[in-house]
S.K.: 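Quick one: this structure, given as structure tokens, is what I'll be asking you about.
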Amino acid sequence: MNSEFFALCYHYIRKNNDDPFPRLLGTKISDFNNHVEMIKKQFAILSLEEIHSMYYNQNEVIKNETGLIITFDDGLSDQFEAAKILSENNISGTFFIPTCIIKERLPANPIILHYAIAIHGVEKFIDELRKIFFNIAIENENMIPQFNLKNNNIWKIIDEIKNLLYYKIKPNETRKILLEIYKKLIVKNNITVDDMHLTKIQIKKLLDMGHSIGTHSHTHISVANSKLSKLELKEELIEPKLILESEFDTNVISMSYPFGESKDCLSTQSLIEKTNSYELAFTVKNKLNTINNSPLEIGRYMVHSTDNANKLNKILKKNEIS
């Protein structure tokens with residue numbers, strides 16, 4: 001019988017109480033603990049090395065249970081608590097790191113957006129965005145959504161902002177804009193990259209705990225974006241592996257696609273053509289993976305802040321049946 005497994009993708013792991021940024025949506029620590037207890041009972045928990053062995057050595061690492069690997073995107077500071085919880089349960093997690101937090105000591109693109117809105121709200125964010133677009137002469141200023149607190153759906157407006165910044169303008173322009181947002185709306189509130197992302201010391205401790213790391217591009221952009229130049233693709237897709245390997249003296253074999261939806265991912269053939277650097281690549285397509293699938297198109301379920309252990313179990317079991 002072919003081996004099969006699920007993969008989970010976590011982002012923010014937030015405090016149960018007294019969260020300084022309650023508008024940052026994420027899995028509460030208590031829920032994460034409950035997830036881990038449920039997963040231990042229901043699945044065979046796998047490490048990145050076991051997933052690699054399954055594909056490349058054709059090892060049947062899973063017997064009668066469906067397997068599951070736990071992964072984290074964005075290299076967020078609050079994931080360090082999750083790493084400790086996993087270590088206490090003898091579980092190896094995989095943490096995908098945007099290397100701008102290592103090389104330039106600057107936050108990844110979406111994290112700037114998340115924190116700026118969490119601190120100031122959508123209206124203030126849009127006001128600042130308009131000023132920056134005007135100051136650096138971005139042509140798409142008229143595409144910034146209008147916002148009225150009484151009449152607008154906040155989540156729809158946030159989605160429009162993301163679509164504009166991540167897909168409709170050039171990635172280098174997006175980076176300039178978001179770094180200005182970082183300086184004006186975040187740094188001025190005495191919040192630094194270390195408050196937002198894992199530090200080098202923490203990443204080294206993750207590895208010492210037995211966890212694995214992979215790349216998550218450099219600044220967190222859609223690497224399938226047609227606006228990317230060859231140089232930008234190299235900087236975002238190829239160089240992050242070299243940065244992590246050099247900085248942490250570890251072999252990096254995996255990557256996860258930023259955003260991770262179909263429009264953000266490359267096919268197996270395209271990824272190999274652009275860089276033959278990776279042996280495992282993860283999306284956020286929710287599916288049951290088998291060794292008959294490509295190891296460069298591994299699907300994951302992106303865990304939501306509303307997913308308690310029971311709900312998460314039902315979601316996975318439903319996928320297993322289908």
Side-chain angles (χ1 to χ4, degrees), residues 1-14 16 25-55 59-74 76 78-79 81-96 210-212 214 216 254-262 264-265 280-322:
M1 185 178 76
N2 291 333
S3 296
E4 57 186 29
F5 68 96
F6 289 111
L8 295 181
C9 172
Y10 287 91
H11 290 85
Y12 291 100
I13 307 294
R14 305 304 297 169
N16 294 325
L25 297 182
T27 302
K28 297 294 185 184
I29 291 175
S30 56
D31 280 332
F32 184 74
N33 272 304
N34 291 337
H35 290 181
V36 171
E37 289 303 312
M38 178 274 291
I39 291 165
K40 287 166 62 179
K41 293 175 183 176
Q42 300 291 333
F43 301 93
I45 305 178
L46 305 177
S47 66
L48 187 72
E49 290 73 19
E50 287 172 315
I51 298 294
H52 182 270
S53 182
M54 182 194 308
Y55 280 111
N59 287 349
E60 289 284 342
V61 295
I62 309 165
K63 303 303 180 183
N64 297 321
E65 295 177 282
T66 299
L68 185 143
I69 181 172
I70 300 174
T71 73
F72 301 81
D73 280 359
D74 299 344
L76 299 167
D78 51 10
Q79 292 171 359
E81 191 63 33
K84 291 190 288 185
I85 292 169
L86 292 182
S87 181
E88 290 164 1
N89 284 274
N90 297 312
I91 296 170
S92 173
T94 302
F95 295 77
F96 293 106
H211 300 303
S212 300
H216 198 46
S254 65
M255 62 164 285
S256 72
Y257 284 101
F259 309 116
E261 297 182 6
S262 296
D264 307 301
C265 300
L280 301 171
F282 292 77
T283 72
V284 291
K285 181 179 180 181
N286 181 22
K287 67 178 182 179
L288 179 64
N289 301 288
T290 77
I291 58 172
N292 293 325
N293 303 138
S294 169
L296 297 178
E297 297 180 27
I298 298 173
R300 296 181 295 171
Y301 173 69
M302 188 164 62
V303 182
H304 295 83
S305 60
T306 55
D307 291 342
N308 58 33
N310 184 51
K311 183 178 177 182
L312 181 59
N313 188 28
K314 287 181 178 178
I315 290 168
L316 295 175
K317 291 297 184 183
K318 181 179 178 181
N319 228 327
E320 188 175 27
I321 294 169
S322 60

S.K.: How about N289 and I51: do any of their side-chain heavy atoms sit closer than 4.5 Å?
M.R.: no
S.K.: Identify the two heavy atoms, one from F43 and one from G67, that lie closest to each other, and give their separation to 0.1 Å.
M.R.: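 Looking at all heavy atoms of both residues, the shortest contact is CD2-O, 4.3 Å.
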S.K.: Rounded to the nearest 0.5 Å, what separates atom NZ in K40 from atom CD1 in I91?
M.R.: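 That separation rounds to 6.0 Å.
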S.K.: Could you grab the distance from atom OG of S256 to atom CZ of R300, nearest 0.5 Å is fine?
M.R.: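 Those atoms lie 4.5 Å apart.
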S.K.: Parallel, tilted or perpendicular for F282 and F96, by the 30°/60° rule?
M.R.: tilted
S.K.: Do you know which two heavy atoms are closest between K287 and E297, and how far apart they sit?
M.R.: NZ-O, 3.1 Å
S.K.: Do the side chains of F95 and L48 get nearer than 4.5 Å, heavy atoms only?
M.R.: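 Side-chain contact under 4.5 Å: no.
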S.K.: Could you go through the side-chain contact (heavy atoms from CB on, under 4.5 Å) check for E49 and S212 one step at a time?
M.R.: CA-CA 9 Å; E49 290 73 19; S212 300; 3.0 Å; yes
S.K.: Tell me, do I298 and F5 make a side-chain contact under 4.5 Å, heavy atoms counted?
M.R.: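 They are in side-chain contact.
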S.K.: Would you find a donor on one side and an acceptor on the other, under 3.5 Å apart, between the side chain of H216 and the backbone of G214?
M.R.: no
S.K.: Could you tell me whether K318 sits above the aromatic face of F6, with NZ or CZ closer than 6.0 angstrom to the six-membered ring centre and within 45 degrees of the axis?
M.R.: no
S.K.: Give a yes or no answer on whether the side chain of H35 reaches the backbone of L312 with a donor-acceptor pair at less than 3.5 Å.
M.R.: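 It does not hold such a pair.
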S.K.: Keeping S305 on the side-chain end and T27 on the backbone end, is there a donor-acceptor pair under 3.5 Å?
M.R.: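 No: the side chain of S305 does not pair with the backbone of T27.
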S.K.: Please check if the number of heavy atoms outside K285 that lie under 6.0 Å from its NZ is greater than 12.
M.R.: no
S.K.: Evaluate the side-chain contact (heavy atoms from CB on, under 4.5 Å) criterion for residues L8 and L316: first the C-alpha distance (whole Å), next the side-chain angles of each, then the deciding distance (0.1 Å), finally the verdict.
M.R.: CA-CA 10 Å; L8 295 181; L316 295 175; 4.0 Å; yes
S.K.: Out of curiosity, N16 CG to D31 CG, how far, rounded to the nearest 0.5 Å?
M.R.: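 Result: 8.0 Å between the selected atoms.
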S.K.: Taking the side chain as every heavy atom from C-beta outward, state whether I85 and I13 have any pair of such atoms under 4.5 Å apart.
M.R.: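 The answer is no; the side chains never approach within 4.5 Å.
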S.K.: Got K311 and I315 here, is their nearest side-chain heavy-atom distance under 4.5 Å?
M.R.: yes
S.K.: Do V36 and I45 come close enough that some side-chain heavy atom pair is under 4.5 Å?
M.R.: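 Not touching, per the 4.5 Å side-chain cut-off.
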S.K.: Can you measure from NE2 (H304) to OH (Y10) and round to the nearest 0.5 angstrom?
M.R.: 12.5 Å
S.K.: Minimum heavy-atom separation for S3 and M54, please, with both atom names.
M.R.: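 So the two residues come closest at CB-SD, 3.6 Å.
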S.K.: Out of the candidates T283, N286, D73, T94, only one should pair with C9 under the side chain to side chain contact (heavy atoms under 4.5 Å, CB included) rule; please name it.
M.R.: D73
S.K.: First locate atom CD1 of I39, then atom CG of N34, and finally report the distance between them rounded to the nearest 0.5 Å.
M.R.: 10.5 Å
S.K.: With heavy-atom distances below 4.5 Å as the criterion, would you say the side chains of V303 and F72 are in contact?
M.R.: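 When only atoms from C-beta onward are counted, F72 and V303 do not touch, as no gap falls below 4.5 Å.
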S.K.: Taking all non-hydrogen atoms of both residues into account, name the closest pair between G260 and C265 and its distance.
M.R.: O-SG, 3.4 Å
S.K.: Is there a donor-acceptor pair closer than 3.5 Å between any side-chain N or O of Y55 and the backbone N or O of T290?
M.R.: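 Yes: the side chain of Y55 pairs with the backbone of T290.
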S.K.: Is a side-chain N or O of D264 found less than 3.5 angstrom from the main chain of E261, in a donor-acceptor match?
M.R.: yes
S.K.: Roughly how far, to the nearest 0.5 Å, is CG of L46 from NE2 of H52?
M.R.: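 Between H52 NE2 and L46 CG, I get 14.5 Å after rounding to 0.5 Å.
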S.K.: Answer yes or no: is there a donor N or O on one side and an acceptor on the other, between the side chain of E50 and the main chain of S47, under 3.5 Å?
M.R.: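 Side chain of E50 to backbone of S47: a pair is present.
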S.K.: Using atom types as modelled and distance alone, determine if a side-chain donor or acceptor of D74 lies under 3.5 Å from a backbone N or O of L76.
M.R.: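 Between the backbone of L76 and the side chain of D74 there is no qualifying donor-acceptor contact (under 3.5 Å).
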S.K.: Do Q79 side-chain atoms and H11 backbone N/O form a donor-acceptor pair below 3.5 Å?
M.R.: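 Yes, Q79 side chain to H11 backbone: donor-acceptor pair under 3.5 Å.
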